[in-house]
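These notes concern the structure reproduced below.
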Amino acid sequence: MKLEQPARAWWKEAAVYQIYPRSFCDSNGDGVGDLPGILQKLDYLQQLGVDVLWLNPVYRSPGVDNGYDISDYRAIDPVFGTMEDFDRLLEEVHRRGMRLVMDLVVNHTSDRHPWFIESRKSVDNPYRDYYIWKPGKDGHEPNNWGACFGGSAWKYDPQTDMYYLHLFSKKQPDLNWDNENVRREIQKIVRFWMDKGVKGFRFDVVNLISKGAFEDDTEGDGRKYYTDGPNIHKYLKELHDMTFGTDTQIVTVGEMSSTSIENCYQYAGRDTGELSMVFSFHHLKVDFMGNEKWVLVPADFQKLKDIIFEWQTKMTEHNAWNAVFWCNHDQPRVVSRFGDEGRYWKQSAKMLGTIIHCLRGTPYVYQGEEIGMTNTDFTDISQFRDVESLNHYRILQEKGLSASDAFRIIQIHSRDNGRTPMQWDGTKYAGFSSEDGKEPWIGVNENHTKINTADQLENEDSIFRYYQKLIAMRKELDVIAYGDIEPLAEGDSSVFAYRRCWKGQELIVTANFYGKEYEWK
Ligand code: TEU
């Protein structure tokens, strides 16, 4: 497939590092990571070679969903520090030639946001239509849609005898994007952070903001009525034109939940006037049963290859741009999930990193991935914190599973696998927090004595050193950022291989997912 001359862009040559502030570095010993803690680690990140830092939400929030329930979009939650801490961090990020991306959660707010507090007061309140309210049907919810964190997607509110929609937790009411006042409010929020010098935004489940018909879903959980909805492209184009589209230095990435590739041609297409790139998640459902996450099935390697290659080749054909990644704060650790925690821990972590960093797209490194951090070693449900995991632990038992069977599923799939404190050294709290500080908000993995940045910075053969080289390579070889891609060994269920070509440069990547020698020509 021959590429038309792809437009050069700084974010096509960049690597992004995702920081989960709550678990990155705790500077004041309260057991929760914070902004001054990130400031302390900027030199480490510069040494790794990343260009952009994406912060998960640090806005004021009751913390029901670890900050994805925002109650004030223009304030820093005290647990992370002050706006002065933020301004200082931003200044120091820029001084190192890096950029900061903020995480904007605009599909929903916290139920403690002033807009929602007003909206629920009365049916004629000026903020009523900032959210989605419907009367019940025959004494039940307006329809049969399910919430991602379990139960119905509707919560009854006695104050006005109506139900409001929440696709996630009941404390995260969905905003009504069909209301122009809501769209204008979001534009003002984006401009507030642009005016502070933020050079990027990650939009949380942004392809869910346009809802279609509110009908019962006879075949599923309702997602077909709100995923990639009827006005989604109109709303993204409007947001682009009214805010970040005015500054070519700003990069935007949309988290596209259960999306279609056809829609992503537009979301992340060249000159379509929406976003720079998209996160899609189909490749991270190969250990699900369809869309059902809370089951134990072996990861389907052939499906993993097919999906990645489909998104690589088709998005290239449509001049659209992928974010490429294995890990984030919602996913288990890739070395545990698709690699090997044991004998081939180091080799498999490096193999997995190679696959992502040589693909066409912008690579994302999730905190701790660069040192091969693993899933949690938790042995009891009381150690888990994630609202989604705790809800499903209960739901699995309501479905008849034993507590131990339910626990085993949570252990494998919980988002907490990616949320344990960053492992900086072998001390009591892994250097995440001072030894005389409070117990961290979530348990430190015992293997931090073996897996930590201090050790790996000293070791030329470490995973950290290898990630450094992968990130540097993207800057040295244009074929990585701009080359086309040709899958190789597509039918071979033991090898993950592909070829990149660009103006005479050729890069062939071959990866062995299994712990045994394999001959492939
Ligand atoms: O994630 C949305 C999302 O798709 C994931 O929560 C996914 O549905 C789930 O992990 C599958 O089991 C975004 C944020 O990344 C996540 O942390 C938030 O909890 C969620 O939106 C709600 O804001």
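Both counts, for ligands and for their atoms, begin at 1 and track the order of listing. Computed from a prediction, not measured in an experiment: that's the story for all the values here.
The shell of residues lying under 4.0 angstrom from ligand 1, judged by heavy atoms, excludes His413. Close to ligand 1: Arg202, with a non-hydrogen atom less than 4.0 angstrom away. The closest approach between any non-hydrogen atom of Arg419 and ligand 1 is below 4.0 Å. A heavy-atom separation below 4.0 Å is not found between Phe281 and ligand 1.
Ser257 OG, 3.5 Å is the protein heavy atom nearest to atom 4 (O) of ligand 1. Scanning the protein for heavy atoms near atom 13 (C) of ligand 1, the closest one is Asp204 OD1, 2.8 Å. Nearest protein heavy-atom contact of atom 7 (C) of ligand 1 is Cys148 SG, 4.4 Å. Asp330 OD1, 2.7 Å is the protein heavy atom nearest to atom 17 (O) of ligand 1. Residue, atom and distance of the protein heavy atom nearest to atom 11 (C) of ligand 1 are Glu388 OE2, 3.4 Å. Scanning all protein heavy atoms for the shortest distance to atom 19 (O) of ligand 1 gives Asp65 OD2, 2.6 Å. Nearest to atom 2 (C) of ligand 1 among the protein's heavy atoms is Val205 CG1, 3.3 Å. For atom 6 (O) of ligand 1, the closest non-hydrogen atom of the protein is Arg415 NH1, 3.3 Å.
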Can you give each donor-acceptor pair under 3.5 Å made by side-chain atoms of residues 193-201, sequence neighbours left out, with the distance rounded to 0.1 Å?
residue: Trp193; atom: NE1; partner: Tyr73; partner atom: O; Å: 3.0
residue: Lys196; atom: NZ; partner: Asp87; partner atom: OD1; Å: 3.0
residue: Lys199; atom: NZ; partner: Asp247; partner atom: OD2; Å: 2.8

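Residue His283 forms a ring pair (Phe, Tyr, Trp, His ring centres under 6.0 Å) with just one option from Phe325, Phe288, Phe301, and that option is Phe325.
Using a 30° and 60° split on the angle between ring planes, Trp115 and His113 fall in the tilted class, from 30° to 60°.
Judged by the 6.0 Å distance and 45° axis criteria, Lys41 is positioned over the aromatic ring of Trp424. Remark: Arg333 fails to qualify as a cation-pi partner of Trp326 under the 6.0 Å distance and 45° angle criteria applied to the six-membered ring.
Of all atoms in ligand 1, numbered sequentially from 1 with element shown, those under 4.0 Å from a heavy atom of Phe149 are 19 (O). Applying the 4.0 Å criterion to heavy atoms of His108 picks out, from ligand 1, the atoms 22 (C), 23 (O).
Side-chain N/O atoms of Tyr68 and His329 include a donor and acceptor closer than 3.5 Å. Between Thr160 and Arg128, the side chains place a donor N or O and an acceptor N or O closer than 3.5 Å (distance only, hydrogens not considered).
Contacts with ligand 1 closer than 4.0 Å are made by side-chain heavy atoms of His329 only, the backbone lying farther away. If you look at Phe279 next to ligand 1, there are no close heavy atoms at all, none under 4.0 Å.
Ser110 places no side-chain N or O within 3.5 Å of a backbone atom of Ser61 that could act as its donor or acceptor partner. Within the 3.5 Å criterion, the main-chain N or O of Thr259 finds no donor-acceptor partner in the side chain of Thr227.
Distances from atom 12 (O) of ligand 1 to the heavy atoms of Glu255, Gln331, Lys293 put Lys293 nearest.
More than 12 heavy atoms of other shown residues, nucleotides or ligands fall within 6.0 angstrom of atom NZ in Lys303.
Between Phe279 and Tyr364, the ring centre distance stays below 6.0 Å.
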